[in-house]
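Report on the following structure.
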Amino acid sequence: MDSIPGTVRILLTLLLAVITVTASADSEDPRLAESRALVSAFAGELQSALKAALDTGGPVAAIDVCRDLAPQIASRLSRQSGVAVGRVSARYRNPLNAPQPGQLAVLSEFAAAMKAEPGTVPERFEARTGEPAQYLKAIPTAPLCLVCHGETLAESVSSQLAVDYPHDLATGYRTGELRGAFSVIWPAP
């Protein structure tokens with residue numbers, strides 16, 4: 001490193017420190033395991049409610065679940081855990097699910113990884129000293145999702161989406177594409 005100019009050496013040192021903290025956090029930080037558990041609880045409860053709504057009330061009832069129940073589940077898990085639990089998407093239906101700074105780049109990386117290796121469900125945990133830690137786990141578009149998020153929608157679904165989400169960006173998906181990500185944000189220490 002002696003032949004590297006001072007400014008470049010400082011930048012390389014900072015970059016290596018960030019990479020080391022992130023790698024160390026992935027393997028040792030207990031927040032990673034708790035983030036995974038929170039996302040598993042959220043995904044399981046939401047998927048179960050969506051399947052029940054589809055079985056009993058059809059696709060329009062499933063829209064109600066995503067609109068009303070999903071935020072309630074996220075809010076409850078957030079209150080119980082003391083961290084911010086939610087969902088984000090580059091093509092969101094609810095503006096409250098728009099990505100925060102830095103999340104859009106991660107979503108793009110997830111989409112590229114899922115396209116390059118179908119069936120992959122990427123995740124990322126980042127923890128930097130003095131900053132909030134963040135966990136994101138990809139949400140792949142499953143066949144169940146296509147009823148309300150696919151390329152072709154039933155008229156009843158399109159009509160209800162137009163009422164509930166007049167600025168909807170969350171249609172046109174295909175099975176296996178990145179639909180969004182579950183998000184867990186830990187407060188800065």
Side-chain angles (χ1 to χ4, degrees), residues 34-100 103-104 106-115 117-125 134-185:
E34 192 169 342
S35 295
R36 286 177 172 149
L38 286 165
V39 164
S40 179
F42 189 1
E45 194 172 336
L46 181 57
Q47 185 175 28
S48 178
L50 283 169
K51 285 180 180 178
L54 282 168
D55 289 345
T56 60
V60 173
I63 294 170
D64 293 343
V65 168
C66 277
R67 184 192 64 229
D68 300 330
L69 187 59
Q72 291 172 13
I73 296 168
S75 179
R76 179 176 39 79
L77 290 171
S78 295
R79 285 190 315 275
Q80 289 172 348
S81 65
V83 300
V85 178
R87 297 175 298 162
V88 299
S89 179
R91 292 169 44 199
Y92 52 86
R93 182 158 279 166
N94 180 341
L96 296 174
N97 295 337
Q100 294 184 12
Q103 291 178 329
L104 191 56
V106 175
L107 291 172
S108 294
E109 291 173 18
F110 283 2
M114 292 170 69
K115 187 175 184 176
E117 192 174 333
T120 299
V121 181
E123 64 177 346
R124 177 173 297 167
F125 180 78
Q134 176 175 252
Y135 174 76
L136 293 171
K137 181 175 182 180
I139 301 172
T141 303
L144 174 72
C145 305
L146 298 178
V147 173
C148 298
H149 294 284
E151 295 177 296
T152 305
L153 305 177
E155 181 57 39
S156 60
V157 172
S158 293
S159 295
Q160 190 63 47
L161 290 174
V163 170
D164 290 344
Y165 301 103
H167 305 290
D168 184 20
L169 303 174
T171 58
Y173 286 95
R174 295 180 183 161
T175 300
E177 290 182 320
L178 178 71
R179 170 64 196 94
F182 288 105
S183 168
V184 178
I185 301 175

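Hydrogens, waters and symmetry mates are skipped; everything else that's a heavy atom, side chains included, is used.
Of all heavy-atom pairs between G176 and M114, the closest is O-CE, 3.4 Å. Listed here is the closest heavy atom pair of L178 and A111: CD2-N, 3.8 Å. Scanning both residues, V121 and A138, for their nearest heavy atoms gives CG1-O, 3.5 Å. When all heavy atoms of S183 and Q103 are compared, the closest pair comes out as OG-NE2, 3.5 Å.
From C145, atom SG reaches atom CD of Q47 across 8.0 Å, with rounding to the nearest 0.5 Å. Atom-to-atom distance recorded for R124:CZ and F110:CZ is 6.0 Å, nearest 0.5 angstrom. Taken from NE2 in H167 to OH in Y92, the straight-line distance is 10.0 Å, to the nearest 0.5 Å. Atom CG of L146 is separated from atom CZ of R174 by 10.5 Å, given to the nearest 0.5 angstrom. The distance from atom CG of L136 to atom CG of L107, rounded to the nearest 0.5 Å, is 6.5 Å.
Applying the side-chain contact (heavy atoms from CB on, under 4.5 Å) test to E45 and every residue at least two apart in sequence or in another chain returns I73, R76. For D168, the salt bridge (Lys or Arg N to Asp or Glu O under 4.0 Å) test picks out R93, with sequence neighbours left out. By the ring pair (Phe, Tyr, Trp, His ring centres under 6.0 Å) test, F42 pairs with F182, sequence neighbours left out. The side-chain contact (heavy atoms from CB on, under 4.5 Å) search around V157 returns P59, I63, C148, L153, A154, L161, not counting sequence neighbours.
Side-chain atoms of L96 and P71, non-hydrogen and from C-beta on, never get closer than 4.5 Å to each other.
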Q: Apply side chain to side chain donor-acceptor pair (under 3.5 Å) to the pair Q160 and S156, showing each step before the final yes or no.
A: CA-CA 6 Å; Q160 190 63 47; S156 60; over 6 Å; no
Q.
Applying side chain to side chain contact (heavy atoms under 4.5 Å, CB included) to F125 and S35, what does each step give before you reach the verdict?
A. CA-CA 9 Å; F125 180 78; S35 295; 4.2 Å; yes
Q | Trace of the side chain to side chain contact (heavy atoms under 4.5 Å, CB included) decision for T141 with T175 | A | CA-CA 5 Å; T141 303; T175 300; 5.6 Å; no
Q.
Please evaluate residues Y165 and R67 with respect to the criterion side chain to side chain contact (heavy atoms under 4.5 Å, CB included), reporting the C-alpha separation (whole Å), side-chain torsions for both, the decisive distance (0.1 Å), and the verdict.
A. CA-CA 9 Å; Y165 301 103; R67 184 192 64 229; 3.0 Å; yes
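Although no hydrogens or angles enter the test, the distance criterion places a donor-acceptor pair under 3.5 Å between the side chain of S108 and the main chain of L104. Of the possible polar contacts, none joining the S40 side chain to the R36 backbone as a donor-acceptor pair under 3.5 Å is found. Although no hydrogens or angles enter the test, the distance criterion places a donor-acceptor pair under 3.5 Å between the side chain of T120 and the main chain of E117.
Applying the side chain to side chain donor-acceptor pair (under 3.5 Å) definition to pairs two or more places apart or across chains, none involves residues 49-62.
Ionic pairing of E177 and K115 is not present here: no N-O contact between side-chain nitrogen and carboxylate oxygen is shorter than 4.0 angstrom.
Between H149 and Y173, the ring-plane angle classifies as perpendicular under the 30° and 60° cut-offs.
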For residues 83-91, tabulate all N or O donor-acceptor pairs below 3.5 Å that involve a side-chain atom, not counting sequence neighbours.
residue : atom : partner : partner atom : Å
S89     : OG   : R91     : N            : 3.2
S89     : OG   : R91     : O            : 3.2
S89     : OG   : R179    : O            : 2.8
S89     : OG   : R179    : NH1          : 3.1
R91     : NH2  : T171    : O            : 2.3

